[in-house]
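Residues: numbered from 1 along the sequence shown. Counting starts at 1 for both ligands and their atoms, in listed order.
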Amino acid sequence: MYGNDFTQQPIVEIAEDDADFQAILDADGRIEPRDAMPEAYRKNLIRQIAQHAHSEIIGMQPEGNWITRAPSLKRKAILMAKVQDEAGHGLYLYAAAETLGADRADLLDLLHTGRQKYSSIFNYPTLTWADMGAIGWLVDGAGIVNQVPLCRCSYGPYARAMVRVCKEESFHQRQGFEILHTLSHGTPAQKAMAQDAVDRWWWPSLMMFGPPDESSPNTERSMRWGIKRFSNDELRQRFVDMTVPQAQALDLTLPDPQLSWDAATGHWEYGAIDFTELFEVIKGNGPCNAQRMAHRRRAHEEGAWVREAALAYATKRDAEREAEPPAAVA
Ligand code: BYC
């Protein structure tokens with residue numbers, strides 16, 4: 001474990017083939033802040049954790065869009081709590097990146113200038129209330145499948161942050177399922193609205209897991225370092241296998257005529273994913289990329305006074321503490 005004084009320790013860089021580092025990984029141990037680590041390991045972690053954090057805070061926007069239009073007070077309260085949870089996830093993740101020596105303001109700058117990515121999924125519009133159900137069920141469902149293995153990530157602070165994130169994502173996934181269940185067992189118009197949302201969110205949810213393994217440049221190294229425990233395609237398959245029976249329970253159809261059970265492999269086979277769409281969205285050409293980024297930059301500028309006030313208060317409190325040190329313990 002580490003204390004809060006890790007920022008006082010220097011970052012110690014070691015060779016990628018360092019035997020002690022490898023021994024910790026081989027024993028499924030955890031690397032902690034300011035443990036000696038290869039520079040490429042540190043950089044790769046900052047890349048993934050920062051992009052994960054950006055996804056969480058941009059992910060607040062599609063659902064925030066429906067807070068004022070939730071169909072009941074109860075639905076509104078639940079949705080507000082969920083969107084706040086996503087902000088909290090962003091906070092844990094930015095804090096985890098900071099333990100690696102990254103500066104949060106720099107990371108946000110990289111997001112705002114388009115030099116770091118965020119998940120493709122949040123560049124799709126939320127057109128109806130049923131989209132809140134489809135996001136909870138499919139997007140958070142995919143998020144859980146991707147993030148549960150990260151609870152065993154070799155970097156301690158990231159792994160520990162994921163434990164809490166996954167608990168909250170499980171609640172999110174169930175609330176999405178429950179919204180869709182209510183709609184699919186409601187009027188024909190409500191059922192059609194639920195089906196339309198599932199039709200629009202299914203393929204983008206499969207794309208969340210990233211490019212296919214043969215075109216995933218980061219996977220091999222990340223798996224060797226125990227950051228990723230499974231490849232993109234392995235997790236995608238796990239998600240499909242988990243979701244098909246849930247769709248049946250919802251009495252909704254997944255928009256893939258090629259979905260079929262393969263008894264020999266024990267998996268659901270699915271049709272070809274249009275990865276050109278994923279790459280276009282990642283490049284910034286998705287339906288809502290420009291809107292999401294403009295909103296994020298505006299929120300950051302409008303929130304400057306909150307950051308300034310918090311900093312002024314912290315500085316004042318530190319000065320007061322220094323002037324009046326705590327009484328010595330007898
Ligand atoms: N969208 O070599 P690859 C959530 C990028 S949060 C955009 O396979 P890696 C939730 C990738 O970054 C959802 N970019 O990369 C939140 C890389 O570019 P760079 C986010 C994508 O890292 C709120 C390049 O493509 N989850 O669930 O080995 C509400 C090549 O890819 C995407 C996380 O961030 C994409 N879909 O694997 C509800 C989890 N896919 O960085 C839900 C943590 C790939 O080299 N992250 N790229 O410039 C991960 O598990 C991995 O980073 C990924 C990608 C599986 C996403």
Near E86 (heavy-atom distance under 4.0 Å), the atoms of ligand 1 are 23 (C), 29 (C), 38 (C)

Once side-chain hydrogen bond (donor to acceptor under 3.5 Å, both in side chains) is applied, what residue pairs with a partner in residues 43-61 remain, sequence neighbours excluded? N44-R47, N44-S222, Q48-Y158, H52-E56, H52-Q147, H52-Y158, H54-Y94, H54-Q116, E56-H89

Result of checking Q195, K191, H185 against D251 for side-chain hydrogen bond (donor to acceptor under 3.5 Å, both in side chains): K191

Inter- and intrachain pairs under side-chain hydrogen bond (donor to acceptor under 3.5 Å, both in side chains), touching residues 283-301, at least two apart: H112-R296, E280-K283, E280-N285, H295-R298, H300-R307

At under 4.0 Å between heavy atoms, what of I121 touches ligand 1? The answer is neither

Do I121 and F279 sit in the same hydrophobic cluster, where Ile, Leu, Val, Met, Phe, Trp and Tyr count as joined when their side-chain heavy atoms come under 4.5 Å apart? yes

In this structure, would V148 and V163 fall into the same cluster of hydrophobic residues linked by side-chain contacts under 4.5 Å? no

Please list, in number order, the atoms of ligand 1 under 4.0 Å from a heavy atom of M208. 27 (O), 36 (N)

Looking only at side chains, do D262 and H267 share a donor and an acceptor under 3.5 Å apart? no

When you look for heavy atoms under 4.0 Å from ligand 1, do you find them on the side chain of M60, its backbone, both, or neither? neither

Going by the order shown, which atoms of ligand 1 are within less than 4.0 Å of some heavy atom of F122? 10 (C), 16 (C), 23 (C), 29 (C), 38 (C), 42 (C)

Atoms of ligand 1 under 4.0 Å from any heavy atom of G210, numbered from 1 in the order shown, are 40 (N), 44 (C)

Numbering as shown, the atoms of ligand 1 that approach D140 to under 4.0 Å (heavy-atom distance): 29 (C), 38 (C), 42 (C)

Side chain, backbone, both or neither: the part of Q116 lying under 4.0 Å from ligand 1 by heavy atom: neither

Which one holds for M207 and ligand 1: side chain close, backbone close, both close, or neither close, with close meaning a heavy atom under 4.0 Å? backbone

Establish, from distance only, whether the side-chain atoms of R30 and Y155 form a donor-acceptor pair under 3.5 Å. no

Is N232 touching ligand 1 with its side chain, its backbone, both, or neither, if touching means heavy atoms under 4.0 Å apart? side chain

At a non-hydrogen distance cut-off of under 4.0 Å, which region of H52 contacts ligand 1 (side chain, backbone, both, or neither)? both

Distance check, rounded to the nearest 0.5 Å: M208 atom CE versus L138 atom CG? 10.0 Å

When hydrophobic residues are tied together by side-chain contacts of less than 4.5 Å, even through go-betweens, does M132 share a cluster with F171? no

From atom 31 (O) of ligand 1, work out which of P211, G90, P212 has a heavy atom at the shortest distance. P211

Within the 4.0 Å heavy-atom cut-off, what N218 brings close to ligand 1 is both

Show which atoms of ligand 1 fall inside a sub-4.0 Å distance from at least one heavy-atom site of F209. 55 (C)

For ligand 1, which atoms sit closer than 4.0 Å to a heavy atom of Y118? 1 (N), 7 (C)

Any atom of ligand 1 sitting under 4.0 Å from a heavy atom of F279? no

With a 4.0 Å heavy-atom cut-off (strictly under), which part of K117 contacts ligand 1: side chain, backbone, both or neither? side chain

What atoms of ligand 1 come within less than 4.0 Å of a heavy atom belonging to Q51? 12 (O), 41 (O)

Once you restrict to heavy atoms under 4.0 Å, what part of Y158 touches ligand 1? Side chain, backbone, both or neither. side chain

